[in-house]
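Heads up: the structure comes next, in structure tokens.
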Amino acid sequence: MYNIGDKIVYPMHGAGVIKNIQEMDIFEKTQMYYKVTIAAEGMEILIPVDKAEEVGLREIPTHQDLEAMLQVLSQPEDKMTSNWSKRYQDNMDQMKSGDIIDVAKVTRNLMLLDRRKGLSSGDKKMLMTAKNFLISEMMLIDGKEKEEACKIIETTVAM
């Protein structure tokens, strides 16, 4: 169980801080919820305490994990399928893992594809989600401001 003030990662949303743990009655079911503020978005979400492991809630990565993420961003892109729907599904699977390295690969690959030929609207949304995920982790691990974290990502991605 996590405590108020713990820094956590919620897959598909990014890193945040548990602001409160409270009992709530939602859809006629009373249960305990983590109230989490996501760093990059400022958005608040509720996560049922008894579903935390199931949804992939985890502690934020270490500084070493952050360094590994930056290393991945600096590498050349992976070979991706040209089939948009298959590429989208592959990227979505990596995003759902909530793993900082997987999300860094999605971010890098889509940023480089965008620089080469532009992205579809679905790919643009996926890129924005992936970047915000990484930004939120950098904000909580290194205390970076959102704009500074975004700039680091932009400049680290290989040309």
Side-chain angles (χ1 to χ4, degrees), residues 1-22 24 32-80 87-115 119 122-159:
M1 178 154 173
Y2 296 100
N3 298 304
I4 295 172
D6 285 352
K7 296 175 181 179
I8 55 85
V9 175
Y10 184 43
M12 295 296 296
H13 291 280
V17 177
I18 296 176
K19 295 295 186 182
N20 199 3
I21 302 171
Q22 61 194 65
M24 297 179 72
M32 297 299 290
Y33 287 88
Y34 293 119
K35 186 175 187 179
V36 178
T37 301
I38 302 298
E41 307 283 328
M43 160 178 64
E44 289 189 343
I45 56 176
L46 295 172
I47 304 166
V49 170
D50 63 347
K51 300 283 186 193
E53 188 175 324
E54 184 180 322
V55 300
L57 201 66
R58 63 172 171 79
E59 294 179 5
I60 64 169
T62 64
H63 286 280
Q64 291 87 355
D65 295 326
L66 188 60
E67 289 300 318
M69 179 267 296
L70 291 170
Q71 182 66 25
V72 166
L73 288 176
S74 70
Q75 296 170 352
E77 73 184 280
D78 296 327
K79 183 169 174 58
M80 294 185 294
R87 182 177 62 243
Y88 184 86
Q89 188 58 53
D90 290 346
N91 286 336
M92 183 60 75
D93 291 344
Q94 286 187 289
M95 291 289 295
K96 285 180 183 176
S97 78
D99 180 78
I100 192 170
I101 299 301
D102 287 343
V103 176
K105 289 177 183 178
V106 170
T107 302
R108 175 199 64 211
N109 292 341
L110 289 177
M111 285 179 69
L112 292 172
L113 181 62
D114 188 33
R115 291 176 185 170
L119 297 176
D123 281 339
K124 284 180 185 176
K125 184 175 180 186
M126 176 80 64
L127 175 56
M128 186 172 65
T129 300
K131 273 175 68 175
N132 280 334
F133 184 99
L134 298 180
I135 288 167
S136 69
E137 298 221 26
M138 292 175 75
M139 289 172 70
L140 290 182
I141 295 168
D142 273 354
K144 304 274 188 228
E145 293 293 323
K146 184 175 182 176
E147 296 76 21
E148 181 183 9
C150 184
K151 185 173 182 170
I152 290 169
I153 291 168
E154 292 284 339
T155 58
T156 303
V157 171
M159 286 298 208

To check you understand the geometry: which heavy-atom pair defines the closest contact between [X] and [Y], and what is its length?
X    : Y    : result
G98  : P11  : CA-CB, 3.8 Å
M69  : A104 : CG-CB, 3.6 Å
R115 : V157 : NH1-O, 3.4 Å
K124 : L119 : CE-O, 3.3 Å
A149 : I135 : CB-CG2, 4.0 Å
L112 : P76  : CD1-C, 4.4 Å

Is it the case that the side chain of [X] and the backbone of [Y] share a donor-acceptor pair, with hydrogens and angles ignored and the cut-off at 3.5 Å?
X    : Y    : result
D99  : I101 : yes
N109 : D78  : yes
Y34  : Y2   : yes
D90  : R87  : no
S136 : A15  : yes

Do [X] and [Y] have side chains that get closer than 4.5 Å, going by heavy atoms?
X    : Y    : value
M111 : E154 : yes
Q94  : N91  : yes
E59  : D6   : no
L127 : T107 : yes
M95  : D102 : no
H13  : E41  : no

Residue that, paired with E137, satisfies salt bridge (charged side-chain N to carboxylate O under 4.0 Å, His left out) out of K146, R58, K131 = R58
Measuring from atom [atom1] of [X] to atom [atom2] of [Y], what distance do you get when rounded to the nearest 0.5 angstrom?
X    : Y    : atom1 : atom2 : value
I18  : I47  : CD1   : CD1   : 7.5 Å
R108 : I153 : CZ    : CD1   : 13.5 Å
I152 : M138 : CD1   : CE    : 4.0 Å
L57  : I8   : CG    : CD1   : 4.5 Å
I38  : E44  : CD1   : CD    : 10.0 Å
N20  : I4   : CG    : CD1   : 5.0 Å

Given D65 and T62, is the side chain to side chain donor-acceptor pair (under 3.5 Å) satisfied, shown in steps?
-> CA-CA 5 Å; D65 295 326; T62 64; 3.2 Å; yes
Show the numbers, then the answer: is there a side chain to side chain contact (heavy atoms under 4.5 Å, CB included) between H63 and D142?
-> CA-CA 8 Å; H63 286 280; D142 273 354; 2.7 Å; yes
Counting only heavy atoms not in E148, do more than 12 fall under 6.0 Å of its CD?
-> yes
